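Each remark here refers to the structure printed beneath this line.
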Amino acid sequence: MRPLTEEETKAVFEKLANYIGKNLVHLIDRDEDDAYCFRLHKDRVYYLPLPMLHYATSVARGNLISLGTCFGKFSKTGKFKLGITCLDWIAKYAKYKVWIKPSGELPFLYGNHVAKAHLGRITEDTPEHQGVVVYNMADVPLGFGVTARSTIDTRKLDPTGIIVFHQADVGEFLRDEDTMF
(Lines give C-alpha, C1' and ligand atoms only; values in the text may rest on other atoms or scores of the structure.)
Protein backbone atom coordinates (compact mmCIF):
# COMPACT_ATOMS: atom_id res chain seq x y z
CA MET A 1 0.00 0.00 0.00
CA ARG A 2 1.48 3.28 -1.10
CA PRO A 3 0.45 6.91 -1.61
CA LEU A 4 -0.82 7.90 -5.04
CA THR A 5 1.56 9.51 -7.52
CA GLU A 6 0.85 12.94 -8.97
CA GLU A 7 -0.71 11.50 -12.16
CA GLU A 8 -2.81 8.99 -10.21
CA THR A 9 -4.04 11.68 -7.84
CA LYS A 10 -4.99 13.91 -10.75
CA ALA A 11 -6.95 11.09 -12.43
CA VAL A 12 -8.82 10.21 -9.23
CA PHE A 13 -9.67 13.82 -8.35
CA GLU A 14 -10.83 14.63 -11.89
CA LYS A 15 -13.21 11.67 -11.82
CA LEU A 16 -14.50 12.55 -8.34
CA ALA A 17 -14.90 16.23 -9.29
CA ASN A 18 -17.25 15.18 -12.09
CA TYR A 19 -19.64 13.83 -9.44
CA ILE A 20 -19.13 15.98 -6.34
CA GLY A 21 -17.62 19.16 -7.81
CA LYS A 22 -16.16 21.58 -5.29
CA ASN A 23 -17.34 19.34 -2.45
CA LEU A 24 -14.17 17.34 -3.12
CA VAL A 25 -12.59 19.61 -0.53
CA HIS A 26 -14.69 17.87 2.16
CA LEU A 27 -12.99 14.57 1.38
CA ILE A 28 -9.49 16.03 1.53
CA ASP A 29 -9.50 18.81 4.14
CA ARG A 30 -10.78 17.31 7.37
CA ASP A 31 -10.09 17.84 11.06
CA GLU A 32 -6.92 16.26 12.46
CA ASP A 33 -9.05 13.99 14.64
CA ASP A 34 -10.94 12.78 11.55
CA ALA A 35 -8.14 12.70 8.95
CA TYR A 36 -8.49 10.44 5.91
CA CYS A 37 -6.11 9.62 3.07
CA PHE A 38 -6.07 7.92 -0.33
CA ARG A 39 -3.85 4.88 -0.83
CA LEU A 40 -3.16 2.55 -3.75
CA HIS A 41 -3.01 -1.21 -3.30
CA LYS A 42 -3.01 -3.64 -6.24
CA ASP A 43 -4.36 -1.05 -8.73
CA ARG A 44 -7.25 -0.15 -6.39
CA VAL A 45 -7.63 3.21 -4.66
CA TYR A 46 -8.71 3.12 -1.03
CA TYR A 47 -9.97 5.95 1.17
CA LEU A 48 -9.25 5.25 4.81
CA PRO A 49 -8.78 6.97 8.18
CA LEU A 50 -5.20 7.60 9.22
CA PRO A 51 -5.39 5.45 12.39
CA MET A 52 -6.44 2.50 10.20
CA LEU A 53 -3.46 3.19 7.95
CA HIS A 54 -1.12 2.97 10.94
CA TYR A 55 -2.62 -0.41 11.91
CA ALA A 56 -2.18 -1.68 8.36
CA THR A 57 1.58 -1.16 8.46
CA SER A 58 1.85 -4.21 10.71
CA VAL A 59 0.27 -6.46 8.04
CA ALA A 60 2.44 -7.85 5.27
CA ARG A 61 1.65 -6.44 1.83
CA GLY A 62 0.90 -9.91 0.41
CA ASN A 63 -1.55 -10.66 3.22
CA LEU A 64 -3.44 -7.37 2.95
CA ILE A 65 -6.61 -7.83 0.90
CA SER A 66 -8.57 -4.62 1.43
CA LEU A 67 -8.54 -1.62 3.70
CA GLY A 68 -11.00 1.24 4.12
CA THR A 69 -13.40 2.11 1.31
CA CYS A 70 -12.45 1.12 -2.22
CA PHE A 71 -13.12 4.16 -4.42
CA GLY A 72 -12.25 2.47 -7.69
CA LYS A 73 -9.44 0.97 -9.68
CA PHE A 74 -6.95 1.82 -12.37
CA SER A 75 -7.15 -0.07 -15.65
CA LYS A 76 -4.10 -1.46 -17.41
CA THR A 77 -4.01 1.69 -19.57
CA GLY A 78 -3.93 3.95 -16.49
CA LYS A 79 -7.52 5.18 -16.60
CA PHE A 80 -9.42 5.41 -13.32
CA LYS A 81 -12.88 3.87 -12.96
CA LEU A 82 -15.05 4.62 -9.96
CA GLY A 83 -16.51 1.60 -8.20
CA ILE A 84 -19.91 1.20 -6.61
CA THR A 85 -18.25 0.80 -3.20
CA CYS A 86 -17.68 4.58 -3.06
CA LEU A 87 -21.41 5.34 -3.48
CA ASP A 88 -21.87 6.33 0.18
CA TRP A 89 -19.20 9.03 -0.08
CA ILE A 90 -20.33 10.30 -3.47
CA ALA A 91 -23.99 10.40 -2.42
CA LYS A 92 -23.08 12.38 0.69
CA TYR A 93 -21.40 15.17 -1.30
CA ALA A 94 -23.14 14.92 -4.70
CA LYS A 95 -23.81 18.17 -6.49
CA TYR A 96 -26.39 16.86 -8.97
CA LYS A 97 -28.98 14.19 -8.24
CA VAL A 98 -31.63 12.24 -10.11
CA TRP A 99 -34.61 10.48 -8.50
CA ILE A 100 -36.29 7.64 -10.34
CA LYS A 101 -39.81 6.26 -9.98
CA PRO A 102 -40.41 2.81 -8.46
CA SER A 103 -41.09 1.42 -11.95
CA GLY A 104 -37.58 2.45 -13.01
CA GLU A 105 -35.64 1.09 -10.03
CA LEU A 106 -35.41 -2.52 -11.20
CA PRO A 107 -34.29 -1.72 -14.77
CA PHE A 108 -31.58 0.58 -13.36
CA LEU A 109 -30.44 -2.07 -10.87
CA TYR A 110 -30.13 -4.54 -13.75
CA GLY A 111 -27.66 -2.20 -15.44
CA ASN A 112 -29.91 -0.29 -17.86
CA HIS A 113 -29.86 3.46 -18.50
CA VAL A 114 -32.52 5.76 -16.99
CA ALA A 115 -35.28 6.66 -19.46
CA LYS A 116 -37.42 9.77 -19.18
CA ALA A 117 -40.46 7.62 -18.37
CA HIS A 118 -38.70 6.53 -15.17
CA LEU A 119 -37.55 10.00 -14.14
CA GLY A 120 -39.13 11.28 -10.92
CA ARG A 121 -37.09 14.44 -10.27
CA ILE A 122 -33.80 15.96 -11.32
CA THR A 123 -31.68 18.70 -9.77
CA GLU A 124 -32.26 22.07 -11.44
CA ASP A 125 -29.63 23.31 -13.91
CA THR A 126 -27.96 19.93 -14.34
CA PRO A 127 -25.65 20.21 -17.36
CA GLU A 128 -25.17 17.62 -20.07
CA HIS A 129 -22.49 14.93 -19.48
CA GLN A 130 -22.36 15.67 -15.74
CA GLY A 131 -21.94 12.97 -13.10
CA VAL A 132 -25.11 12.39 -11.06
CA VAL A 133 -26.16 10.14 -8.21
CA VAL A 134 -29.32 8.14 -8.86
CA TYR A 135 -31.76 7.85 -5.94
CA ASN A 136 -35.11 6.15 -5.56
CA MET A 137 -38.06 8.29 -4.45
CA ALA A 138 -37.31 7.43 -0.78
CA ASP A 139 -33.85 9.09 -1.08
CA VAL A 140 -31.90 5.83 -1.02
CA PRO A 141 -28.86 6.01 -3.33
CA LEU A 142 -29.01 3.28 -5.99
CA GLY A 143 -25.98 4.15 -8.09
CA PHE A 144 -24.46 6.81 -10.27
CA GLY A 145 -24.18 7.75 -13.90
CA VAL A 146 -23.66 10.57 -16.39
CA THR A 147 -26.46 12.74 -17.76
CA ALA A 148 -27.24 12.36 -21.43
CA ARG A 149 -29.15 15.65 -21.60
CA SER A 150 -29.32 18.84 -19.58
CA THR A 151 -32.35 19.60 -17.40
CA ILE A 152 -33.79 21.94 -20.03
CA ASP A 153 -33.39 19.39 -22.85
CA THR A 154 -34.95 16.70 -20.66
CA ARG A 155 -38.30 18.46 -20.63
CA LYS A 156 -38.55 18.29 -24.45
CA LEU A 157 -37.56 14.62 -24.69
CA ASP A 158 -39.94 11.76 -25.50
CA PRO A 159 -40.62 9.15 -22.75
CA THR A 160 -38.28 6.55 -24.26
CA GLY A 161 -35.31 8.94 -24.43
CA ILE A 162 -32.30 8.27 -22.22
CA ILE A 163 -31.72 10.75 -19.41
CA VAL A 164 -28.83 9.15 -17.49
CA PHE A 165 -26.19 6.77 -18.81
CA HIS A 166 -25.63 3.96 -16.31
CA GLN A 167 -22.16 3.82 -14.70
CA ALA A 168 -22.60 1.72 -11.55
CA ASP A 169 -25.42 0.51 -9.31
CA VAL A 170 -25.86 -1.46 -6.10
CA GLY A 171 -27.03 -4.48 -8.12
CA GLU A 172 -23.39 -5.02 -9.09
CA PHE A 173 -22.77 -6.57 -5.70
CA LEU A 174 -24.91 -9.52 -6.84
CA ARG A 175 -24.11 -9.54 -10.57
CA ASP A 176 -20.32 -9.24 -10.24
CA GLU A 177 -19.63 -10.70 -6.83
CA ASP A 178 -17.08 -13.16 -8.23
CA THR A 179 -14.93 -10.51 -9.90
CA MET A 180 -15.58 -7.43 -7.77
CA PHE A 181 -12.96 -7.98 -5.08
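A quick note: this is a predicted structure, and the numbers were derived from the prediction, not measured.
With a 4.5 Å cut-off on side-chain heavy atoms, L27 and F71 count as touching. Within the 4.5 Å cutoff, the side chain of H41 has heavy atoms near those of the R61 side chain.
Considering every non-hydrogen atom in both G83 and C86, the closest pair reads O-SG, 3.0 Å. In terms of heavy atoms, A117 sits closest to K101 at O-NZ, 3.6 Å. The shortest heavy-atom contact between K42 and G62 is NZ-O, 4.4 Å. Heavy atoms only, all atoms of each residue included: I90 and I20 are closest at O-CG2, 3.7 Å. In this structure, P141 and V133 approach most closely via the heavy-atom pair CB-CG1, 4.3 Å. Residues R30 and W89 come closest through the heavy atom pair NH1-CZ3, 3.6 Å.
Qualifying side chain to side chain contact (heavy atoms under 4.5 Å, CB included) partners for T123, counting only residues two or more places apart in sequence or in other chains: Y96, K97, W99, T126. For E8, the salt bridge (Lys or Arg N to Asp or Glu O under 4.0 Å) partners are R2, not counting sequence neighbours. Listed by chain and number, the residues in a salt bridge (Lys or Arg N to Asp or Glu O under 4.0 Å) with D29 amount to none (sequence neighbours excluded). Partners of E124 by salt bridge (Lys or Arg N to Asp or Glu O under 4.0 Å), not counting sequence neighbours, listed by chain and number: R155.
Residue K81 places its NZ atom among 12 or fewer non-hydrogen atoms of other residues, nucleotides or ligands, all under 6.0 Å distant. Heavy-atom neighbours of I152 CD1 from other residues, nucleotides or ligands within 6.0 Å: at or below the threshold of 12.
Using a 4.5 Å cut-off between side-chain heavy atoms of Ile, Leu, Val, Met, Phe, Trp and Tyr, with links allowed through other members, F108 and Y110 fall into different hydrophobic clusters. At a threshold of 4.5 Å between side-chain heavy atoms, the hydrophobic network of Ile, Leu, Val, Met, Phe, Trp and Tyr places L40 and I28 in one connected group. Transitive grouping of hydrophobic side chains (ILVMFWY, heavy atoms separated by less than 4.5 Å) brings I122 and M137 into a common cluster.
The OG atom of S150 sits 11.5 Å away from the CD atom of Q130 when rounded to the nearest 0.5 Å. Remark: D43 CG to K76 NZ distance equals 6.0 Å, nearest 0.5 Å. In this structure, the separation between CZ on F144 and CG on L82 is 5.0 Å, given to the nearest 0.5 Å. Atom CZ of R44 and atom CD1 of I65 lie 12.0 Å apart (nearest 0.5 Å). One finds the CD1 atom of I84 at 9.0 Å from the CG atom of L142 (value rounded to the nearest 0.5 Å). To the nearest 0.5 Å, atoms CZ (F80) and NZ (K15) are separated by 8.0 Å.
Its side chain within the 4.5 Å cluster rule, L67 clusters with M1, Y46, L48, L50, M52, L53, V59, L64 among the Ile, Leu, Val, Met, Phe, Trp and Tyr residues.
Using modelled atom types, one side-chain atom of T147 and one backbone atom of P127 make a donor-acceptor pair closer than 3.5 Å. Listed for the N136 side chain is a donor-acceptor partner under 3.5 Å among the backbone atoms of D139.
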Would you list the atom pairs, donor with acceptor, under 3.5 Å between side chains in residues 156-170 and any protein atom, with sequence neighbours excluded?
residue: D158; atom: OD2; partner: T160; partner atom: OG1; Å: 2.8
residue: H166; atom: NE2; partner: D169; partner atom: OD2; Å: 2.3
residue: D169; atom: OD1; partner: G171; partner atom: N; Å: 2.7
residue: D169; atom: OD1; partner: E172; partner atom: N; Å: 3.4
residue: D169; atom: OD1; partner: R175; partner atom: NH1; Å: 3.3
residue: D169; atom: OD2; partner: R175; partner atom: NH2; Å: 3.1

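Classification of the Y47-F38 ring pair by plane angle, with boundaries at 30° and 60°, yields tilted.
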